[in-house]
Amino acid sequence: MNTQIDFERIHNLAEEYYRSGDFYCSEAIVKTIKDEFQLPMSDAIIAAASGFPVGMGGSGCTCGAVAGGIMALGLFFGRTQPKDEKVNHTMALANELHNEFKKSHKSLCCRVLTKDMELGSPKHMEQCISFTGEVAEKVARMIVRELDK
């Protein structure tokens, strides 16, 4: 696993995956974190993020970028064994990401974040691209911080 991380590169790479249309927000974040940290796992994890864009599959609920960020945190700190207590640490990190995004943007609800925007319009795209880069960078910083403890 790579721990020499260029946070600006992560920010820009995640944004570019979205901007180019290669991946949506949650997928772009998971792919960027997986690749940049050189995690030894299948790209199937990227596929697992495919249901989250546009507020959970287009429903307009929780921002897909935040959902993808929480998935990425789980790749590092989540549990795979029953009753493993490290789930509590992972949940605390997810809560931290949630709260910081909400503090910055006043909501996690896709419908609220994109109110009065046409889906796919330049304004909508630029906002979601920005959220994607922002969350990818924040998650990378959180991961490095926690690994350094």
Side-chain angles (χ1 to χ4, degrees), residues 1-81 84-105 107-110 113-114 119-149:
M1 171 178 36
N2 179 26
T3 57
Q4 301 300 313
I5 299 302
D6 179 341
F7 298 115
E8 184 177 349
R9 175 178 162 75
I10 284 178
H11 186 113
N12 294 336
L13 190 57
E15 282 189 347
E16 188 51 35
Y17 282 135
Y18 196 123
R19 182 179 290 110
S20 69
D22 289 344
F23 293 99
Y24 289 126
C25 52
S26 53
E27 300 163 317
I29 291 166
V30 170
K31 176 168 179 47
T32 300
I33 296 297
K34 176 196 168 296
D35 291 352
E36 292 302 297
F37 281 88
Q38 298 173 358
L39 296 177
M41 60 184 53
S42 163
D43 283 346
I45 193 63
I46 301 163
S50 293
F52 295 109
V54 196
M56 304 292 170
S59 68
C61 292
T62 303
C63 173
V66 175
I70 291 170
M71 281 186 69
L73 289 168
L75 294 176
F76 283 85
F77 308 110
R79 68 178 172 187
T80 58
Q81 299 300 312
D84 187 332
E85 292 295 319
K86 71 182 185 177
V87 69
N88 298 317
H89 180 66
T90 309
M91 290 174 58
L93 294 172
N95 186 268
E96 176 185 339
L97 180 63
H98 169 278
N99 291 344
E100 288 194 20
F101 189 91
K102 188 171 183 179
K103 180 179 176 185
S104 294
H105 303 292
S107 181
L108 272 83
C109 177
C110 185
L113 294 166
T114 60
L119 184 66
S121 69
K123 183 178 179 183
H124 172 254
M125 292 300 293
E126 281 310 307
Q127 176 178 274
C128 292
I129 289 166
S130 175
F131 289 165
T132 299
E134 171 191 329
V135 171
E137 180 179 346
K138 173 62 180 164
V139 165
R141 289 183 183 280
M142 291 172 71
I143 291 167
V144 169
R145 179 193 77 205
E146 294 302 309
L147 292 177
D148 283 346
K149 286 185 175 179

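In this text the structure is predicted, and so the values were computed from the model without any measurement.
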Presence of salt bridge, K31 and E27, under 4.0 angstrom: no
Euclidean distance, M56 CE relative to C109 SG, rounded to 0.5 Å: 10.5 Å
Approximate separation, where rounding is to 0.5 Å, of Q38 CD and E36 CD: 8.0 Å
Side chain to side chain, D35 and Y17, heavy atoms closer than 4.5 Å: yes
CE (M91) with more than 12 external heavy atoms under 6.0 Å: no
Interatomic distance, T62 atom OG1 to F52 atom CZ [nearest 0.5 angstrom]: 9.5 Å
Greater than 12 external heavy atoms within 6.0 Å of K86's NZ: yes
Short side-chain to backbone donor-acceptor contact, T32 and I29, under 3.5 Å: no
Atom CZ of R79: over 12 foreign heavy atoms under 6.0 Å: yes
Residue pair I45 / V30: nearest heavy atoms and the distance that separates them: O-CG1, 3.9 Å
Spatial distance of atom CD1 (I5) from atom CD (E137) [nearest 0.5 Å]: 12.0 Å
Sub-4.5 Å side-chain heavy-atom contact between F7 and V144: yes
Qualifying residue, where the test is side-chain contact (heavy atoms from CB on, under 4.5 Å) with Y18 and the options are C128, P53, S26: C128
Minimum-distance pair of heavy atoms, taken over all atoms of G133 and A14: CA-CB, 4.4 Å
Shortest non-hydrogen contact from F101 toward S107: CE2-O, 3.5 Å
Short N-O contact, E16 and R19, less than 4.0 angstrom: yes
Exercise: identify the closest heavy-atom pair between V135 and G69: CG1-CA, 4.0 Å
Audit row: H124, V54, side chain to side chain contact (heavy atoms under 4.5 Å, CB included) steps and yes/no: CA-CA 11 Å; H124 172 254; V54 196; 5.5 Å; no
Student check: side-chain heavy atoms of H105 and E134 closer than 4.5 Å: yes
Heavy-atom pair of closest approach, residues F76 and A72: CD1-O, 3.4 Å
Student check: side-chain heavy atoms of L119 and T114 closer than 4.5 Å: no
N99 side chain near N95 side chain, heavy-atom distance below 4.5 Å: yes
Intermediate values then yes/no, side chain to side chain contact (heavy atoms under 4.5 Å, CB included), I10 and R141: CA-CA 10 Å; I10 284 178; R141 289 183 183 280; over 6 Å; no
Distance in Å, E126 CD paired with F131 CZ, rounded so as to fall on 0.5 Å steps: 12.0 Å
Shortest non-hydrogen contact between C63 and L113, atoms and distance: CB-CD1, 4.0 Å
Distance (rounded to the nearest 0.5 Å) between E146 CD and E96 CD: 7.0 Å
F23, CZ: over 12 other non-hydrogen atoms inside 6.0 angstrom: yes
